[in-house]
Amino acid sequence: MKAYAYIQDYANSNNCGSFNTNASSTKVVSAITNTVQWDPIGIGGSASIQGVGVSVSGNGGGSPTASITGNNTTSAGIQGTACMSWSTIYLGVYSTAGSRINNTYYSVTAHL
């Protein structure tokens with residue numbers, strides 16, 4: 001199982017940039033989940049995320065999260081736009097891949 005995360009390394013004039021996260025497996029699994037958690041760093045830092053079917057936000061140092069599950073597949077992912085407030089110094093992202101196989105839960109996390 002693999003977790004993947006990408007976030008644009010610079011923000012545009014609106015303090016926004018693109019992101020892409022993915023959870024993948026080498027074999028078809030009954031369900032695979034990609035969970036994304038954002039980590040806005042700064043005094044009162046905040047972030048908002050808009051993606052396909054996903055719109056979440058967090059403020060005051062909160063950590064917005066989102067997840068998507070794919071059934072009978074090898075991958076599930078979320079992509080879209082991440083925006084941060086003017087007081088956010090850095091916007092980190094955690095992408096976690098998780099799946100239950102033979103009654104054992106497996107997960108792996110990538111962090112930027």
Seminar exercise, completed: What one should report as the nearest heavy-atom pair of M84 and A11 is CE-CB, 4.2 Å
For this session: Kindly give the heavy-atom pair with the smallest separation between N14 and N12, and that separation in Å.
Result: N-OD1, 2.8 Å
Exercise. Applying side chain to side chain donor-acceptor pair (under 3.5 Å), which residue pairs with at least one partner in residues 22-31 are found, sequence neighbours left out?
Worked result: none
So, using side chain to side chain donor-acceptor pair (under 3.5 Å) as the criterion, who are the partners of [X] when residues are at least two apart?
X   : result
T88 : S85
S75 : none
T73 : none

For this session: Determine, stepwise, if the pair T81 / C83 fulfils side chain to side chain contact (heavy atoms under 4.5 Å, CB included).
Result: CA-CA 7 Å; T81 302; C83 301; 4.0 Å; yes
Nearest 0.5 Å, please: how far is [atom2] in [Y] from [atom1] in [X]?
X   : Y   : atom1 : atom2 : result
I41 : D39 : CD1   : CG    : 4.5 Å
N20 : I7  : CG    : CD1   : 11.0 Å
T33 : N71 : OG1   : CG    : 8.0 Å

For this session: Report yes or no: do V29 and I68 belong to one cluster of Ile/Leu/Val/Met/Phe/Trp/Tyr joined by side chain heavy-atom distances under 4.5 Å?
Result: no
For this session: Indicate, with yes or no, if I78 and L91 share a hydrophobic cluster defined by side-chain heavy-atom contacts under 4.5 Å among Ile, Leu, Val, Met, Phe, Trp and Tyr.
Result: yes
Exercise. After noting the C-alpha distance and the side-chain angles of S95 and Y6, does the key distance pass the side chain to side chain contact (heavy atoms under 4.5 Å, CB included) rule?
Worked result: CA-CA 9 Å; S95 175; Y6 162 82; over 6 Å; no
For this session: Determine, stepwise, if the pair T35 / Y94 fulfils side chain to side chain contact (heavy atoms under 4.5 Å, CB included).
Result: CA-CA 8 Å; T35 303; Y94 294 87; over 6 Å; no
For residues 98-112, run the donor-acceptor check on the side chains, cut-off 3.5 Å, and write out each pair with its distance to 0.1 Å, sequence neighbours left out.
unit_1, atom_1, unit_2, atom_2, d
S99, OG, A31, O, 2.7
T109, OG1, T96, OG1, 2.9

Exercise. What residues, two or more places apart in sequence or in another chain, satisfy side chain to side chain contact (heavy atoms under 4.5 Å, CB included) together with T74?
Worked result: V28
